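To start, the structure under review is shown below, and the notes come after it.
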Amino acid sequence: MLTFNNRTALVTGAGRGIGRAIAETLAKNGVSLLCVSKNPASCGAVADAINAAGGRAVAKAVDVADPAAVKQAAAELLSQAGKIDILVNNAGITRDGLIGRMDDADWNDVIRTNLTSAFLWTREIAWPMCRNRWGRVINITSVTGLVGNAGQANYAAAKAGMIGLTKATAKEFARRNVTVNAIAPGFIGTDMTAVLSDDVKQAATQFIPMRRFGTPEDIAAAAAFLASEQAAYITGQVLAIDGGMAM
Ligand code: NAP
């Protein structure tokens, strides 16, 4: 049984896939949710589903790649909620291509959405956690950030950057009782991987010792643990959840 003492969590990319599963799992554990995603219909539907199931959630549409929008939304959500105890930096995109053919926009969009957004939310939300002497930051990186992947130089750089951000902020915040950890999923069945052809999915499965893609709930279970009281002495870690792929 995980313990949460009247905690509030902000999850980015909560509209679908892994973020939605994390938001719903935390809500089932009694955590109040601030569900952020780009499309209002997407985060709105998740907040509605959580409230209909007896939880507490509000939705906020924010483009996490826009620094001014993140700053304004963070201030609004902090004042609305009073405090935010748990931050899950999960929003992410892919714009794959071999580096010789990768244009500046594909590089910048992925770095801004996946990496700079985590810096922005951490600065605006996690810094106030330090004043409260309690907090949890969970950054959703990828095994690609650990081992690289041909055709994903932008994504691998962003995800490896998130690991550096995790370790640096873990050290900065440790004395304030704020932990910062990263989860590195392998192949997970979401909209992000639904676009892969059957041939690519079959080839990818051959590299997974467990011979299957993971589920968003596999990631959510670990995120809930890292956000709980029970994970108080774990910080600066990267937990690969990948069916054994990156061991
Ligand atoms: P997904 O199903 O494509 O969902 C992505 C979520 O991010 C959506 O809710 C989307 O918002 C939100 N988002 C994207 N760009 C945004 C922006 N500019 N501003 C605000 N929100 C934005 O992806 P997923 O598979 O669940 O992935 C979640 C995270 O896990 C990502 O960081 C991804 O890199 C990482 N990951 C995934 C896998 C995998 O195999 N699926 C593996 C390793 C790591 P809307 O719903 O409003 O569109």
Side-chain angles (χ1 to χ4, degrees), residues 10-25 33-49 59-74 77 87-96 105-106 108-118 120-121 138-149 152 154-163 165-166 182-196 200-201 204-205 207-208 212-220 222-223 238-243 245-246:
L10 188 156
V11 180
T12 71
R16 289 180 278 134
I18 292 170
R20 178 176 188 144
I22 292 172
E24 292 185 332
T25 301
L33 262 298
L34 306 170
C35 300
V36 168
S37 80
K38 190 167 185 179
N39 178 344
S42 164
C43 53
V46 174
D48 287 349
K60 180 92 180 159
V62 186
D63 179 356
V64 302
D66 176 346
V70 171
K71 200 173 172 72
Q72 188 182 336
L77 290 168
L87 168 65
V88 184
N89 286 310
N90 164 78
I93 56 168
T94 51
R95 296 282 183 272
D96 297 349
D106 287 344
N108 288 324
D109 285 352
V110 168
I111 297 293
R112 285 188 191 122
T113 306
N114 297 17
L115 175 60
T116 308
S117 69
L120 295 167
W121 285 108
I138 299 164
N139 292 322
I140 307 299
T141 173
S142 166
V143 289
T144 298
L146 292 169
V147 300
N149 191 23
Q152 289 197 307
N154 49 1
Y155 187 76
K159 294 301 190 182
M162 283 184 99
I163 293 172
L165 174 72
T166 299
I183 292 175
F187 284 99
I188 307 297
T190 68
D191 291 352
M192 187 176 272
T193 48
V195 297
L196 301 174
V200 170
K201 281 188 203 159
T205 305
F207 288 102
I208 306 171
R212 66 170 179 87
F213 278 27
T215 65
E217 289 71 26
D218 289 328
I219 308 303
V238 184
L239 178 60
I241 303 179
D242 61 355
M245 204 167 72

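Bear in mind that the values here come from a model prediction, so they are computed numbers and not experimental data. First listed ligand is number 1; within each ligand, the first listed atom is number 1. We number each residue from 1, following the sequence as shown.
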So for Ile18 against ligand 1, with non-hydrogen atoms under 4.0 Å, the contacting part is both
Is there a donor-acceptor pair closer than 3.5 Å between any side-chain N or O of Lys159 and the backbone N or O of Ile140?
yes
Partner of Asp66 under side-chain contact (heavy atoms from CB on, under 4.5 Å), chosen from Val64, Asp63, Val70:
Asp63
Please work out, at 4.0 Å between heavy atoms, whether the side chain, the backbone, both, or neither of Pro185 comes within that distance of ligand 1.
both
A student comparing Gly15, Ala23, Ser42, Ala118 should find that the heavy atom closest to atom 46 (O) of ligand 1 comes from Ser42
Got the closest protein heavy atom to atom 13 (N) of ligand 1, with its distance?
Ala91 CB, 4.0 Å
Just verifying a value: how many Å separate Ile219 CD1 and Ile138 CD1, rounded to the nearest 0.5 Å?
11.5 Å
Which residue and non-hydrogen atom of the protein lie closest to atom 5 (C) of ligand 1, and at what distance in Å?
Gly92 O, 3.9 Å
Closest heavy-atom approach to atom 15 (N) of ligand 1 among Ile93, Leu196, Ile183, Thr141 is made by Ile93
For atom 19 (N) of ligand 1, what's the nearest protein heavy-atom neighbour? Residue, atom name and distance, please.
Val64 N, 2.9 Å
For atom 32 (O) of ligand 1, which of the options Ile140, Asn90, Ile241 provides the nearest non-hydrogen atom?
Asn90
Nearest non-hydrogen protein atom, atom 42 (C) of ligand 1:
Gly186 O, 2.9 Å
Once you restrict to heavy atoms under 4.0 Å, what part of Phe213 touches ligand 1? Side chain, backbone, both or neither.
neither
Any chance NZ of Lys71 has more than 12 other-residue heavy atoms, nucleotides or ligands included, within less than 6.0 Å?
no
Suppose I only count heavy atoms of Gly13 and a 4.0 Å limit; which atoms of ligand 1 are within that range?
6 (C), 7 (O), 9 (O), 12 (C)
Pull out every atom of ligand 1 sitting under 4.0 Å from any heavy atom of Asp191, numbered as shown with elements.
2 (O)
Atoms of ligand 1 under 4.0 Å from any heavy atom of Asp63, numbered from 1 in the order shown, are 17 (C), 18 (N), 19 (N)
A side-chain contact here means heavy atoms from C-beta on lying under 4.5 Å apart; do Ser117 and Asn89 qualify?
no
Just which atoms of ligand 1 are under 4.0 Å from any heavy atom in Ser142?
43 (C), 44 (C)
Classify the contact between Ile188 and ligand 1 as side chain, backbone, both or neither, using a heavy-atom distance cut-off of under 4.0 Å.
both
So do Arg16 and Thr190 actually touch side chain to side chain, heavy atoms under 4.5 Å?
no
Give yes if a backbone or side-chain nitrogen or oxygen of Ser37 is under 3.5 Å from a nitrogen or oxygen of ligand 1, and no if not.
yes
With a 4.0 Å cut-off on N to O distance, would you call Arg20 and Asp191 a salt bridge?
no
With a 4.5 Å limit on heavy-atom distance, are the side chains of Leu10 and Leu77 in contact?
yes
Starting from atom 41 (N) of ligand 1, find the nearest protein heavy-atom neighbour and note its residue, name and distance.
Thr190 OG1, 3.1 Å
Side chain to side chain, Asp242 and Ile208, heavy atoms closer than 4.5 Å
no
Side chain or backbone of Val62 under 4.0 Å from ligand 1, or both, or neither, by non-hydrogen atoms?
backbone
Please report the interatomic distance NZ(Lys60) to OG1(Thr12), rounded to the nearest 0.5 Å.
15.0 Å
Okay, side chain of Asn90, backbone of Gly13: is any donor-acceptor separation there less than 3.5 Å?
yes
Provide the number and element of each atom of ligand 1 under 4.0 Å from a heavy atom of Phe187.
40 (O)
Is any side-chain heavy atom of Val143 closer than 4.5 Å to one of Phe207?
no
Please compare Arg112, Lys38, Arg16 and report which has the shortest non-hydrogen distance to atom 4 (O) of ligand 1.
Arg16
If you have a sec, work out which protein heavy atom is nearest atom 33 (C) of ligand 1 and how many Å separate them, to one decimal?
Tyr155 OH, 3.4 Å
For a 4.5 angstrom cut-off between non-hydrogen side-chain atoms, does Asn114 reach Ile93?
yes
Please round to the nearest 0.5 Å and tell me the distance separating atom CG of Asn154 and atom CG of Asn108.
10.0 Å
Part of Arg20 with heavy atoms under 4.0 Å of ligand 1, whether side chain, backbone, both or neither:
neither
Among Thr113, Asn39, Asp109, whose heavy atom sits nearest atom 47 (O) of ligand 1?
Asn39
